[in-house]
Asker: 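Encoded as structure tokens, here's the structure I'll be asking about.
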There are 2 protein chains.
Amino acid sequence: MSTTTELTNWQSVHDEVLRRIHTREWKPGDQIPKEVELAEELGCARATVNRALRELAAEGFLDRRRKAGTRVAAHPVRRARLDIPVIRLEIEGRGQKYTYGLLLSERRTPPPEICANLGVTANSDMLHITSLHLADGKPYMFEERWVSVAATPEIVDADLSKISANEWLVLHAPYTKGDISFSAVLASENEAKILRTQKNEPLFLIERTTWEGEKGITSARLVFAPGYRMHTAL
Amino acid sequence: MSTTTELTNWQSVHDEVLRRIHTREWKPGDQIPKEVELAEELGCARATVNRALRELAAEGFLDRRRKAGTRVAAHPVRRARLDIPVIRLEIEGRGQKYTYGLLLSERRTPPPEICANLGVTANSDMLHITSLHLADGKPYMFEERWVSVAATPEIVDADLSKISANEWLVLHAPYTKGDISFSAVLASENEAKILRTQKNEPLFLIERTTWEGEKGITSARLVFAPGYRMHTAL
DNA sequence: AAATATAATATGTACGTACATAATATCACT
DNA sequence: AGTGATATTATGTACGTACATATTATATTT
């Protein structure tokens, strides 16, 4: 009854299924027709329906299981895709001027919490780097980072006053596993001074750790200037 | 030279390409062989290669353009997939007991900033709800929400002391467009009292707004108790 | 040399067939 | 009724072919 015109591409099938979910023709928990049936109804190949349903499952709208069939997700977990760009591109993308200052670069053994994070021993050879990223000359983000020299020996030769450690690592030390967390903290006296703000301001904090296989590469603490908002569409 | 055994499924092709990127056999910015060539080299169909490369592009490792070919992403934008579950499931998923208290539910016209957010007029008929979500009896998140009655009339009949507005909306008012933002704020006196914490604690804040088509459905402000961390793998 | 039309090409997608795989349902047996 | 073997089934994937589409490269015209 529904389609006089045929839906012969996967995008339109995707949209049609999503429409039926939105209009609650198919409600959360409901089983939807099997691929062959849908293909027949819509006038396309099963592969096309499969592609559409696969995407919808990846987006969290559908739950699919072999033999059991496909049903509308009972608890639509919405997935936000967070793009995590290099800070420089984030700033330049808004049309602001990006500058960067290396504050400290020393080779030493890490404190215990970093060891725990990265899974390295206390006597590891590491690079400790702090730097400040600025947008239009105003402090934007303060970065404190530990890099394993064992995992990426080339970094000791990099000129980290020209390119930020983050950007260098992105280009030279791809990782296989990463962890990222977001939270709110109060500005310490030191952070407040560097970010040129008050002590006890609420700051947005990102902590990142990355591994290559089982080898810890780097652990970073990124503290953003007051007013920072991370946002995305969903 | 590389493959004596053939890679005839898309996962292994995916992994092999990723391996070559990781080992820097193919460096950022490099053009990689075209689909037909890769298919021939690896001993599989072009469709299989296509599937693998499509996934890798979606994951941000590759840039693909018709006619121009496929190249390793110059600035590997890492995409973190943030799953945004219903709070109840987030808490129960950690094995804690979830409880929920409705603090306020009133029908009134919204303040200007909500109008601006949702794109509704100042005299709109809206539901204003505040509630507290608790984990193991301890305050976990304080929610302040505005819901358009015009967009979802059924909500006035929902028993929001039993089911949270968020959860009700997820099940009854699917949306087509959403916006979410994360930031850090200081606890106001009121928020501090409700979350049973100090004033001026740094709190993690999530602001969400959702639309169905052009109609604004709801705008919510979620303030988490101190110590909250949102994290994910990447 | 610049602008415009045309050809070439790599990716994007649709389709039908075939087989793989995981999960369920059914049946046989105790 | 319970247990285990077996059949069934819906999704998952591979392949070859065909054509669509976006973009670049080339040829043509001004």
Side-chain angles (χ1 to χ4, degrees), chain A residues 2-18 20-21 26-74 76-77, chain B residues 2-18 20-21 26-74 76-77:
Chain A
S2 52
T3 53
T4 55
T5 56
E6 293 190 333
L7 306 181
T8 104
N9 63 50
W10 73 266
Q11 306 254 17
S12 60
V13 173
H14 173 282
D15 292 351
E16 169 62 14
V17 171
L18 196 50
R20 294 187 188 181
I21 294 174
W26 293 340
K27 302 187 190 63
D30 280 4
Q31 188 146 23
I32 77 171
K34 54 190 85 164
E35 293 185 351
V36 263
E37 293 172 2
L38 260 179
E40 199 176 352
E41 186 207 335
L42 303 175
C44 62
R46 181 168 85 91
T48 309
V49 172
N50 180 277
R51 172 80 188 269
L53 298 188
R54 181 166 18 99
E55 300 272 340
L56 284 162
E59 293 166 57
F61 293 106
L62 295 177
D63 286 333
R64 322 191 71 202
R65 273 164 63 217
R66 282 178 176 168
K67 165 83 183 178
T70 302
R71 40 185 73 236
V72 180
V77 174
Chain B
S2 50
T3 52
T4 54
T5 55
E6 294 190 335
L7 306 181
T8 112
N9 63 50
W10 72 266
Q11 306 254 15
S12 59
V13 174
H14 173 281
D15 293 350
E16 170 61 14
V17 171
L18 196 51
R20 293 186 189 182
I21 294 174
W26 293 338
K27 301 186 192 63
D30 280 4
Q31 188 146 24
I32 77 170
K34 53 189 86 163
E35 293 185 351
V36 263
E37 292 172 4
L38 261 179
E40 198 176 353
E41 186 207 334
L42 303 175
C44 64
R46 180 168 83 91
T48 308
V49 173
N50 180 278
R51 172 79 189 268
L53 298 188
R54 183 171 9 105
E55 300 273 340
L56 284 163
E59 293 167 59
F61 293 106
L62 295 177
D63 286 333
R64 321 192 70 201
R65 273 165 62 218
R66 282 178 177 171
K67 165 81 183 180
T70 301
R71 42 185 71 237
V72 180
V77 174

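In the text below, chain A, chain B and the rest are named by the order of the sequence lines, each starting its count at 1.
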Asker: Using a heavy-atom cut-off of 4.0 Å to chain B, what are the terminal contacting nucleotides of DNA chain D, in 5' to 3' order?
Answerer: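 The contact span of chain B on DNA chain D goes from D/dT13 to D/dT24.
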Asker: Taking the side chain as everything from C-beta on, heavy atoms only, tell me whether B/His14 gets closer than 4.5 Å to B/Leu56.
Answerer: yes
Asker: If you look only at pairs with a residue in residues 55-74 of chain B, which of them pass as a salt bridge (Lys or Arg N to Asp or Glu O under 4.0 Å), with sequence neighbours excluded?
Answerer: B/Glu35-B/Arg64, B/Arg51-B/Glu55
Asker: Tell me which residues in residues 27-35 of chain B lie within less than 4.0 Å of DNA chain C, going by non-hydrogen atoms.
Answerer: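 Of all residues in residues 27-35 of chain B, the ones placing a heavy atom under 4.0 Å from DNA chain C are B/Lys34, B/Glu35.
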Asker: Please tell me if the side chains of A/Ile21 and A/Leu62 come closer than 4.5 Å, counting only heavy atoms from C-beta onward.
Answerer: yes
Asker: Please name the pair of heavy atoms, one in A/Thr48 and one in A/Trp10, separated by the smallest distance, quoted to 0.1 Å.
Answerer: CG2-N, 3.5 Å
Asker: Closest-nucleotide mapping onto DNA chain C: is B/Arg64 or A/Ala47 further toward the 5' terminus? I mean the 5' end.
Answerer: B/Arg64
Asker: Mark yes or no for whether B/Glu37, through its side chain, and B/Ile32, through its backbone, hold a donor-acceptor pair below 3.5 Å.
Answerer: no
Asker: Return the residues of residues 49-62 of chain B meeting this criterion: a heavy atom under 4.0 Å from some atom of DNA chain C. Order them by number, or give none.
Answerer: B/Asn50
Asker: Which atom names give the shortest non-hydrogen contact between A/Cys44 and A/Thr8, and what distance separates them?
Answerer: CB-CA, 4.0 Å
Asker: Shortest non-hydrogen contact from A/Trp26 to A/Pro33?
Answerer: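 That would be CZ2-CD, 3.5 Å.
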Asker: Do any N or O atoms of the protein come closer than 3.5 Å to N or O atoms of nucleotides 21-24 of chain C, and which pairs are they?
Answerer:
from, atom 1, to, atom 2, distance (Å)
C/dT21, O4', A/Arg66, NH1, 3.2
C/dT21, O3', A/Arg66, NH1, 3.1
C/dA22, O4', A/Arg66, NH1, 3.3
C/dA23, O3', A/Arg65, NH2, 3.4
C/dT24, OP1, A/Arg65, NH2, 2.5

Asker: Starting at CG of B/Leu38, measure out to CZ of B/Arg20 and round the result to the nearest 0.5 Å.
Answerer: 6.5 Å
Asker: Taking all heavy atoms of A/Ala52 and all of A/Val13, pick out the closest pair and write down the distance.
Answerer: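 For A/Ala52 and A/Val13, the tightest heavy-atom pair comes out as CB-CG1, 3.6 Å.
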Asker: Restricting to non-hydrogen atoms, name the atom on A/Gly60 and the atom on A/Ala73 that form the minimum distance, rounded to 0.1 Å.
Answerer: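 Nearest heavy atoms, A/Gly60 then A/Ala73: O-CB, 3.4 Å.
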Asker: Looking only at non-hydrogen atoms, find the nearest pair between B/Gly69 and B/Gln31 and report the distance.
Answerer: CA-NE2, 3.7 Å
Asker: Mind checking side-chain contact (heavy atoms from CB on, under 4.5 Å) for B/Asp15 and listing every partner two or more places apart, or none if nothing turns up?
Answerer: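 B/Asp15: no side-chain contact (heavy atoms from CB on, under 4.5 Å) contacts found.
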